[in-house]
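First comes the structure, then the notes that go with it.
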Amino acid sequence: MYDLTVIIPTFKEEANIRNIVTEVDAVFKRNNLKGEILIVDDNSPDGTISIVNEIKNTKPNVNIIVRLADHGLSQSVAEGFVHASSDILVVIDADLSHPPALIPTMYREIMGGYDIVIGSRYMDGGGIKKWPLKRRVISLGATFLGRLLFPDVSDPVSGFFAVRKSVVANAQLKPRGYKILLEVLGKGNWEKDKEIPFEFVDREIGSSKLKLKTIIEYAQQVIDITFFSFLHHESAAWREWKRVFKFGLVGISGIVVNMGVLYFLKENIGLYYMVASLFAIELAILNNFLWNDLWTFKSKTSHKLSSRWHRLVAFHVVSAGGLVINMGILFLLTSVFGVYYLMSNLVGILLGFVWNFFVNRRVTWQRENEIV
Ligand SMILES: Nc1nc2c(ncn2[C@@H]2O[C@H](COP(=O)(O)OP(=O)(O)OP(=O)(O)O)[C@@H](O)[C@H]2O)c(=O)[nH]1
Ligand SMILES: [Mg+2]
């Protein structure tokens with residue numbers, strides 16, 4: 001039995017395969033790890049397979065699966081999950097874009113209790129070297145979409161990650177496209193994740209396989225995971241929906257506070273209603289802040305704004321922005337487009353809500369180490 005299995009998906013990597021296998025194996029040796037290297041190849045027409053077979057003669061811990069049907073990167077990695085002969089799985093590209101030196105760290109973090117460990121390009125200390133603008137834009141777009149589902153993960157589409165086998169063993173993965181990690185996050189069985197930064201280095205040799213089809217498949221995958229999370233309330237993406245609902249409930253409680261205080265101050269204390277409204281609004285903001293701080297965004301890890309006072313100030317500023325959006329939409333739709341004012345207000349409230357949720361999520365209750 002091995003300590004860990006490093007899965008390397010390959011398609012036409014004859015120029016890189018020997019180097020990556022040698023490097024990974026050297027990392028095993030340096031760190032006293034009993035590691036398996038499992039190459040999952042989609043029947044490459046070049047020399048990839050024969051080179052691996054040759055390496056196998058001297059390294060018994062190297063194995064290869066040659067797939068003949070259902071060509072695809074995610075499918076290959078998923079097949080690797082099934083055939084790996086250990087409980088800790090690491091996925092790494094063949095083209096030396098990912099540093100094998102981080103594998104022992106990933107292994108130790110999983111041994112220490114994390115379910116998923118992600119090599120992140122988008123957190124402090126991480127980065128991407130030598131990428132043309134087009135690649136950066138596409139990757140940031142994909143990352144943005146992925147973070148809608150998993151806002152706590154800075155790089156939910158990384159190709160370099162480790163998982164405990166139990167995370168994927170019974171998961172209903174529908175592997176497709178390039179982003180197998182997103183599928184694992186969306187449908188795997190996990191609680192604790194950790195990210196470690198690394199610098200992605202663009203491939204020097206071999207050919208890139210990114211096509212338009214990849215982007216379309218990715219959008220389908222995001223939608224699929226969204227629906228999956230609606231039906232599977234134990235899934236990770238559902239945790240985020242729960243926050244949206246809680247935030248909405250807190251918003252409704254704020255309306256009740258606002259109305260109640262306004263009524264009380266005007267009717268019982270006799271304040272002028274506009275003055276009373278000022279107090280009502282402030283109390284509603286305080287009410288919402290406290291509920292969100294203690295309930296909606298309660299988190300085991302610490303917040304970047306570690307002082308509650310700082311979060312309270314941030315919440316005020318963001319809420320003021322929400323108010324401006326709400327009133328701006330109300331005015332625009334009603335006075336410029338002639339929409340019925342209650343209808344305009346509904347749209348305004350909705351957009352104000354979206355603003356308040358996302359910006360507060362990212363600013364007021366940003367987790368430590370999280371990158372906006
Ligand atoms: N089995 C299998 N592996 C694939 C397939 N497509 C890509 N790979 C491998 O998956 C890894 C990542 O693919 P890359 O082509 O490097 O993707 P990328 O890093 O987004 O883009 P470039 O580095 O610019 O090519 C590499 O090890 C590829 O050999 C596939 O269809 N099947
Ligand atoms: Mg690559």
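Counting starts at 1 for both ligands and their atoms, in listed order. Start at 1 with the first residue, then count along the sequence.
Residue-level proximity to ligand 1 for Arg135 is carried by the side chain, the only part with a heavy atom below 4.0 angstrom. Of all the heavy atoms of His71, the ones lying under 4.0 Å from any atom of ligand 1 belong exclusively to the side chain. Contact annotation for Val40 and ligand 1: only backbone heavy atoms (N, CA, C, O) come within less than 4.0 Å of the ligand.
At a threshold of 4.5 Å between side-chain heavy atoms, the hydrophobic network of Ile, Leu, Val, Met, Phe, Trp and Tyr places Val336 and Val339 in one connected group.
Separation of the Phe297 and His303 ring centroids does not fall under the 6.0 Å cut-off.
For the atom pair Glu234 CD and Asn189 CG, the distance stands at 7.0 Å (nearest 0.5 Å). Atom CG of Asp3 and atom CE of Met111 lie 7.0 Å apart (nearest 0.5 Å).
Interface of Gly72 with ligand 1, defined as ligand atoms under 4.0 Å from a residue heavy atom, comprises 30 (C), 31 (O), 32 (N). Ligand-side atoms of ligand 1 in range of Ala94: 26 (C), 27 (O), range being under 4.0 angstrom from any heavy atom. Those atoms of ligand 1 with a heavy atom of Ser76 less than 4.0 angstrom away are 1 (N), 2 (C), 32 (N). Residue Asp95 approaches ligand 1 through these ligand atoms, each under 4.0 Å from one of its heavy atoms: 16 (O), 19 (O), 23 (O).
Partner of Trp365 under the ring-ring contact (aromatic ring centres under 6.0 Å, His included) criterion, out of Phe289, Phe357, Phe247, Trp295: Phe289 alone.
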Practice prompt. Start with the C-alpha distance between Phe160 and Phe200, add both sets of side-chain angles, then the distance that settles ring-ring contact (aromatic ring centres under 6.0 Å, His included), and finish with yes or no.
Written response: CA-CA 10 Å; Phe160 186 30; Phe200 185 97; 9.8 Å; no
Give every donor-acceptor pair under 3.5 Å between a side-chain atom in residues 37-57 and any protein atom, sequence neighbours left out.
unit_1: Asp41; atom_1: OD1; unit_2: Thr10; atom_2: OG1; d: 2.7
unit_1: Asp41; atom_1: OD1; unit_2: Ser44; atom_2: OG; d: 2.6
unit_1: Asp41; atom_1: OD2; unit_2: Asn43; atom_2: N; d: 2.8
unit_1: Asp41; atom_1: OD2; unit_2: Ser44; atom_2: N; d: 2.6
unit_1: Asp41; atom_1: OD2; unit_2: Ser44; atom_2: OG; d: 3.1
unit_1: Asp42; atom_1: OD1; unit_2: Arg67; atom_2: NH1; d: 2.7
unit_1: Asp42; atom_1: OD2; unit_2: Gly72; atom_2: N; d: 2.9
unit_1: Asp42; atom_1: OD2; unit_2: Ser76; atom_2: OG; d: 3.2
unit_1: Ser44; atom_1: OG; unit_2: Lys12; atom_2: N; d: 2.7
unit_1: Asp46; atom_1: OD1; unit_2: Thr48; atom_2: N; d: 3.1
unit_1: Asp46; atom_1: OD1; unit_2: Thr48; atom_2: OG1; d: 2.6
unit_1: Asp46; atom_1: OD2; unit_2: Glu13; atom_2: N; d: 3.4
unit_1: Asp46; atom_1: OD2; unit_2: Glu14; atom_2: N; d: 3.2
unit_1: Asp46; atom_1: OD2; unit_2: Thr48; atom_2: OG1; d: 3.3
unit_1: Thr48; atom_1: OG1; unit_2: Glu13; atom_2: N; d: 3.0
unit_1: Thr48; atom_1: OG1; unit_2: Glu14; atom_2: N; d: 3.2
unit_1: Ser50; atom_1: OG; unit_2: Gly47; atom_2: O; d: 3.0
unit_1: Asn53; atom_1: ND2; unit_2: Ile49; atom_2: O; d: 3.4
unit_1: Glu54; atom_1: OE2; unit_2: Arg18; atom_2: NH2; d: 3.3

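Side-chain contact, Trp291 with Ser253: no donor N or O sits under 3.5 Å from an acceptor N or O. A donor-acceptor pair shorter than 3.5 Å cannot be found between the side chains of Asn61 and Glu36.
Nearest-residue assignment for atom 13 (O) of ligand 1 (options Phe200, Tyr178, Phe11; heavy-atom criterion): Tyr178. In this structure, of Lys179, Arg203, Glu13, His98, the residue bringing a heavy atom nearest to atom 29 (O) of ligand 1 is Glu13.
For His232, the NE2 atom counts as densely surrounded, since its 6.0 Å shell holds more than 12 non-hydrogen atoms of other residues, nucleotides or ligands.
Protein contacts to the Mg ion (ligand 2) involving N, O or S atoms at a distance below 2.8 Å are Asp95 OD2.
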